[in-house]
Amino acid sequence: MTHQKRIAAIHDISCFGKCSLTVALPIISAMGIEVSAIPTAVLSTHTGGIGGFTYRDLTNDILPIVRHWKTLDLSFDGIYTGFLGSLEQIDIIAEVFDLLRGEKSRIVVDPVMADNGSLYAIFPDSFPKAMRRLCEKADLIVPNMTEAALLLGESYIEGPYTPDYIAGLLRRLAGLGPRQVVLTGVFFDHEQLGAASYDADTDSVEHVFAGRIAGYFHGTGDVFASVVTGAMANGAALREAVRLAVDFTVAGIARTKQAGTDIRFGVNFEAGLSKLAMNSGSYT
Ligand code: PXL
């Protein structure tokens, strides 16, 4: 009997403006993996450049959901967290890891909290320190360059970067606890943009780049991290997972740019799902 993979995805649900759960669910499902969702907050839209959004914090619902799941004897191949709705939620999610993790569960933390050198305005200054505690418990973390600096308590540096700086950053991030790190928003020149990965078991650094498409496209970090999470659960090597994620994300950005859609509304990843499904056989 084949084993049906299952991932618990712990993110907000932004009702409009594709990101977090509205991205993680379809992408990971298309990769043949069952997704169980724990919404951390319900917002009318995401908070990136759209004003007037509603915000319902679901901090008090998280542990009751997980305790109910515990009565069902579920097992999870992965636990994947993204945007968390409050500071208090971070300690609760750390408890959720202990409750849900099994021997084979990979914990992926996307420390969603910042971009372009700044912490998102909705988060207090104490948020990065708390997020670091969650990263310490992860197997794999997927920060962008701003989040990496905040996690390490270092200054944010604008690129282009040098390979040595990126390798140092990756090793310092792995020093927090996770065996694997994928850093997004890496570039050594203005033509190419991509991601760098690090595996502490082999002390190996890899880079995956694609041609840069000018502009800032909302939700792409969630698209990227969802593909990495799904591919790793399917048994891909870290480098393969990052390649798949870069290509899928860039294709979504290119479609959106061509269509001229409002960049706050998210990228057209949907048109790439059937190809992603075809490329997502189990690697093991
Ligand atoms: O894409 C990250 C994200 C997720 N969820 C919400 C956000 C953001 C980024 O701004 O506002 C609610």
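When a ligand or atom number is given, it counts from 1 through the structure's own listing order. Computation of the quantities below employed the complete heavy-atom set of this structure, encompassing side-chain atoms and omitting hydrogens, waters and symmetry-equivalent molecules.
For the pair His218 and ligand 1, a heavy-atom separation below 4.0 Å is found. In this structure, Ser14 has a heavy atom closer than 4.0 Å to ligand 1.
Asp91 and Arg133 are joined by a salt bridge, as a carboxylate oxygen and a charged side-chain nitrogen come within less than 4.0 angstrom of each other.
For ligand 1, one of its N or O atoms has an N or O atom of Thr47 under 3.5 Å away. The N/O atoms of Thr45, backbone and side chain alike, include none that comes under 3.5 Å of an N/O atom in ligand 1.
Closest to atom 1 (O) of ligand 1 among all protein heavy atoms lies Asp222 OD2, 2.7 Å. In terms of protein heavy-atom proximity, atom 5 (N) of ligand 1 is closest to Asp12 OD1, 2.8 Å.
The environment of CZ in Arg171 is crowded: more than 12 heavy-atom neighbours from other residues, nucleotides or ligands sit within 6.0 Å.
The side chain to side chain contact (heavy atoms under 4.5 Å, CB included) test with Phe248 singles out one residue from Val228, Asn279, Leu273, and that residue is Leu273.
Judged by distance alone, the side chain of Thr146 and the main-chain N or O of Gly117 form a donor-acceptor pair under 3.5 Å.
Remark: ligand 1 atoms within the under-4.0 Å shell around heavy atoms of Cys19 are 1 (O), 4 (C), 5 (N). Each of the atoms 2 (C) of ligand 1 lies under 4.0 Å from some heavy atom of Val112.
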_Is there a salt bridge (charged side-chain N to carboxylate O under 4.0 Å, His left out) between Lys104 and Asp77? Walk through the geometry before answering._
CA-CA 6 Å; Lys104 292 197 179 133; Asp77 300 281; over 6 Å; no

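Taking the six-membered ring for Trp and the full ring otherwise, Phe127 and Tyr120 have centroids separated by 6.0 Å or more. Here the two rings, on Phe97 and Phe76, have centers that are 6.0 Å apart or farther.
The side chain of Leu43, and not its backbone, has at least one atom closer than 4.0 Å to an atom of ligand 1 (non-hydrogen atoms only; side chain from C-beta on).
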